Structure formats: C-alpha cells, structure tokens
Amino acid sequence: MRLLFLGPPGSGKGTQCQLLSNELKIRHLSSGDLLRASVAQGTAAGLEAKTYMDKGLLVPDPVLIAMFKDNLSQENCHNGYILDGFPRNLSQAKSFDDMLSNLHQFLDCVINLEIDSEPLTLRITGRRVCANKNCLKVYHTKFNPPQVENVCDDCKCELIIRSDDKEDLVKVRLATYFEQTQPLIEYYQLKKILVNIDASQSSQNVFNSILTTLKELTKTH
Ligand code: ADP
Ligand code: ADP
Ligand code: ZN
C-alpha cells in the first residue's frame, strides 16, 4: 500500500505515520526526519536545508526531489510506503507524479488530517522527539507523555525539543503551509484519492478512523 499524509504542522502526521508503519509493516518516509538526518550528518544538502528550516520556510525543491527519488527506488519501499511531509507544494507534487509513473506505481490514498489552527501551537511547543536516529518516536509533554520524563519508552534514549518548535516560528510555518501546501488538498481531491480525517480527536481515535478508512478502501479495490 502506498499512502500520503497531508495536514498542517502539529496535526499529527508523524504520530499517525509511526503507528501505521508498525501496523502495516511498511516504511514511513518523513521529509522532516530525512532533512534533520542530513543536517546532523553535515552534508552540503543538510547545511543548505538548515538555513530554511530555521526560518520555517520550505527547503528548495531540488533537495527534496533528489532525496525522495533516491529513497523511493530503494528495495525497502518496494512493498509500499507512507509519505509524511513530501510533496509539500504543487511543483513537488508534479515531480512526485513523474516519479510514480516512472516506477509504474500509483498512490492508494491521500489522508488529509483536518484541524483548526488554534490547537496547533500547544501541540507543537509540547512536542518531544526521541534523539535516537533509529527511533525518532514522537511524544508530547501533556498529550502523550513518556512513562519516565524525557526518556523514550521504546529505546530509553533521551527526548529532545526540535530546534524549530518555537512559538514564534509556528506562525511562519503555518503561513507556509496555508500558502504552499494547502493547495495539494484540491490537487488530490481532483484525482479522487483524498480522504479527510478529523485530527482534533485523540491520537487513538484518529488512528482508528484511519484504519477504518483503509479497510473500506481494500474492500472496494
Ligand atoms: P512539521 O510537520 O512540524 O511542519 P516537518 O518535520 O515535516 O515539520 O518539517 C520541518 C521543516 O523541514 C519544514 O519547516 C521545512 O523547512 C522542511 N521541510 C520538510 N518537508 C519539506 C518539503 N517537502 N519541502 C520543503 N521543505 C520541507
Ligand atoms: P506533525 O508531524 O503533523 O507535525 P506530530 O505527529 O509530530 O505532528 O504531532 C505534533 C505534536 O502533537 C506531538 O507532540 C504529538 O505527540 C502531539 N499529538 C499528535 N496527535 C495528537 C492528538 N490527536 N491529540 C493531541 N496531541 C497530539
Ligand atoms: Zn526512542
């Protein structure tokens, strides 16, 4: 199964993709995680990306397109994948369509996490992520706390705050989303593969809604 998640920063894409990746045993490809890994490695692309990420702006398209071309052709993506954060503007979506047709693939479903802007600041400023690059599990100080403060339940590594999860950057990131990413909702609606999910519910309820949607989808396929 090949899935794509849309939704504003803080809507729960990472959380739901991690749950779904475990459930369906298919790869979760998060553009943000991949970019942060290149930043940590200090590659040329990573250093360039960081200047945009620190400002809440989109990293230039060629960086993302090269990154996803490379990842999607890898063997661990052959039985499906869940995309989180890419494509994030219309030009990336068109390049992604080209990648899919070159690979003779199609998307099964685009899941759009719908939520008002109001709760997003609290979700983003309380976000904590596992520092272990092979884990990266997402937590929240209030809404999804770890069993032991600041320690990952799964791998026992330290939890950290992302450098861009600051209140003053949230406004810019949301503006970037509304201007550049929101048009993708209509783009995929026109392709008749978009499903809206109410992302204001608890994570568990959101997850159950997604599973129900995917079950319906496999019935009708
Ligand atoms: P969030 O879901 O909270 O917005 P992400 O981890 O998806 O955060 O993204 C963090 C940052 O990485 C973005 O603010 C942007 O600078 C960059 N980024 C992620 N995905 C893309 C993309 N597809 N195109 C351009 N920049 C991206
Ligand atoms: P995104 O990838 O869309 O930016 P995340 O999955 O990282 O979003 O979630 C942002 C923050 O909100 C995290 O701290 C996460 O634990 C928390 N969160 C995710 N889903 C929910 C939910 N349904 N209710 C409350 N908090 C949530
Ligand atoms: Zn961990």
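Nothing here was measured: the structure is a model prediction, and the numbers come from that model. Side chains included, hydrogens not; waters and symmetry mates left out as well; all remaining heavy atoms used.
- In this structure, CZ in Arg123 is found 7.0 Å from OG in Ser203, a value given to the nearest 0.5 Å.
- Met67 is connected to Leu184 through a chain of hydrophobic side-chain contacts under 4.5 Å among Ile, Leu, Val, Met, Phe, Trp and Tyr, so both are in one cluster.
- Here the side chains of Tyr139 and Arg127 are not in contact, with every heavy-atom distance at 4.5 Å or above.
- In this structure, NZ in Lys142 is found 13.5 Å from CG in Asn144, a value given to the nearest 0.5 Å.
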Go through it in stages, so that I can follow the logic: the residues are Leu120 and Leu174, the test is side-chain contact (heavy atoms from CB on, under 4.5 Å), and I'd like the CA-CA distance, side-chain angles, deciding distance and then a yes or no. CA-CA 9 Å; Leu120 298 177; Leu174 282 176; 3.6 Å; yes
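- Contact of the Ile197 side chain with the Asn112 side chain is not registered, since no non-hydrogen atoms from C-beta on lie closer than 4.5 Å.
- Of the inter-residue distances, the one linking Glu48 atom CD with Lys50 atom NZ reads 14.0 Å to the nearest 0.5 angstrom.
- Ion pairing between Lys191 and Asp97 holds under the 4.0 Å rule for side-chain N and carboxylate O.
- With a 4.5 Å cut-off on side-chain heavy atoms, Ile124 and Lys166 do not count as touching.
- Just one of Leu107, Leu20, Ile82, Leu217 meets the side chain to side chain contact (heavy atoms under 4.5 Å, CB included) condition when paired with Met1; it is Leu217.
- Judged by distance alone, the side chain of His140 and the main-chain N or O of Leu122 form a donor-acceptor pair under 3.5 Å.
- Residues Ser209 and Gln201 meet the side-chain proximity criterion, which asks for heavy atoms closer than 4.5 Å.
- When all heavy atoms are compared, the tightest approach of Asn196 to Leu194 is OD1-CD2, 3.6 Å.
- For Lys171, the NZ atom sits in a loose shell: 12 or fewer heavy atoms of surrounding residues, nucleotides or ligands are nearer than 6.0 Å.
- Taking every heavy atom of both residues into account, Met99 and Phe68 meet most closely at SD-C, 4.2 Å.
- Leu4 is listed as a side-chain neighbour of Pro87, based on a closest heavy-atom distance under 4.5 Å.
- Between the side chain of Gln18 and the backbone N or O of Leu136 there is at least one donor-acceptor pair closer than 3.5 Å.
- Of the inter-residue distances, the one linking Cys77 atom SG with Leu29 atom CG reads 4.5 Å to the nearest 0.5 angstrom.
- Not a single donor-acceptor pair under 3.5 Å links the side chain of Ser21 to the backbone N or O of Arg27.
- In terms of heavy atoms, Asp153 sits closest to Gln147 at OD1-N, 2.8 Å.
- Atom NZ of Lys137 has more than 12 neighbouring heavy atoms from other residues, nucleotides or ligands inside a 6.0 Å radius.
- Not a single donor-acceptor pair under 3.5 Å links the side chain of Thr43 to the backbone N or O of Val39.
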Given the rule in the side-chain contact (heavy atoms from CB on, under 4.5 Å) test, do Leu72 and Phe96 qualify, once you have shown the distances and angles that lead to the verdict? CA-CA 10 Å; Leu72 293 180; Phe96 177 48; 3.7 Å; yes
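- Look at Lys69 and Asp98 and you find no salt bridge, because none of the NZ, NE, NH1 or NH2 atoms lies under 4.0 Å from a carboxylate O.
- Residues Ile115 and Val206 do not share a hydrophobic cluster, clusters being chains of Ile/Leu/Val/Met/Phe/Trp/Tyr side chains in contact below 4.5 Å.
- Minimum heavy-atom separation, Arg88 to Ser31: NH1-OG, 3.9 Å.
- Contact annotation: the side chain of Arg173 never approaches that of Pro8 to less than 4.5 Å [non-hydrogen atoms, C-beta and beyond].
- Listed here is the closest heavy atom pair of Ser163 and Asp54: OG-OD1, 4.0 Å.
- Hydrophobic clustering of Ile, Leu, Val, Met, Phe, Trp and Tyr side chains at less than 4.5 Å, counting indirect connections, keeps Leu24 apart from Phe106.
- For the atom pair Leu64 CG and Leu35 CG, the distance stands at 5.5 Å (nearest 0.5 Å).
- Of all the heavy atoms in Asn79 and Lys25, the pair that sits closest is ND2-O, 4.2 Å.
- Heavy atoms from other residues, nucleotides or ligands lying under 6.0 Å from CD of Glu186 number 12 at most.
- Linking ILVMFWY side-chain heavy atoms closer than 4.5 Å, directly or via other members, places Leu113 and Ile185 in two distinct hydrophobic clusters.
- Atoms OG1 and CG, on Thr181 and Leu58 in that order, are 5.5 Å from each other to the nearest 0.5 Å.
- Using a 4.5 Å cut-off on side-chain heavy atoms (C-beta onward), Leu159 and Cys152 make contact.
- Using a 4.5 Å cut-off on side-chain heavy atoms (C-beta onward), Tyr52 and Val63 make no contact.
- A continuous path of Ile, Leu, Val, Met, Phe, Trp and Tyr side chains, each step under 4.5 Å between heavy atoms, connects Ile193 with Phe86, placing both in one hydrophobic cluster.
- With hydrogens and angles disregarded, a donor-acceptor distance shorter than 3.5 Å links the side chain of Asp198 to the backbone of Ser200.
- For the residue pair Gln74/Tyr81, the side-chain donor-acceptor check at 3.5 Å is not satisfied.
- Remark: Arg162 engages Asp164 in a salt bridge, criterion side-chain N to carboxylate O under 4.0 Å.
- Side-chain atoms of Lys192 never come within 3.5 Å of backbone atoms of Gln189 as a donor-acceptor pair (strictly under, hydrogens ignored).
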Between Val110 and Phe5, does the side-chain contact (heavy atoms from CB on, under 4.5 Å) criterion hold? Intermediate values first, please. CA-CA 6 Å; Val110 177; Phe5 274 74; over 6 Å; no
If you apply the rule side-chain contact (heavy atoms from CB on, under 4.5 Å), what do you find for Arg36 with Met53, and how did you get there? CA-CA 9 Å; Arg36 283 183 287 278; Met53 295 167 83; 3.9 Å; yes
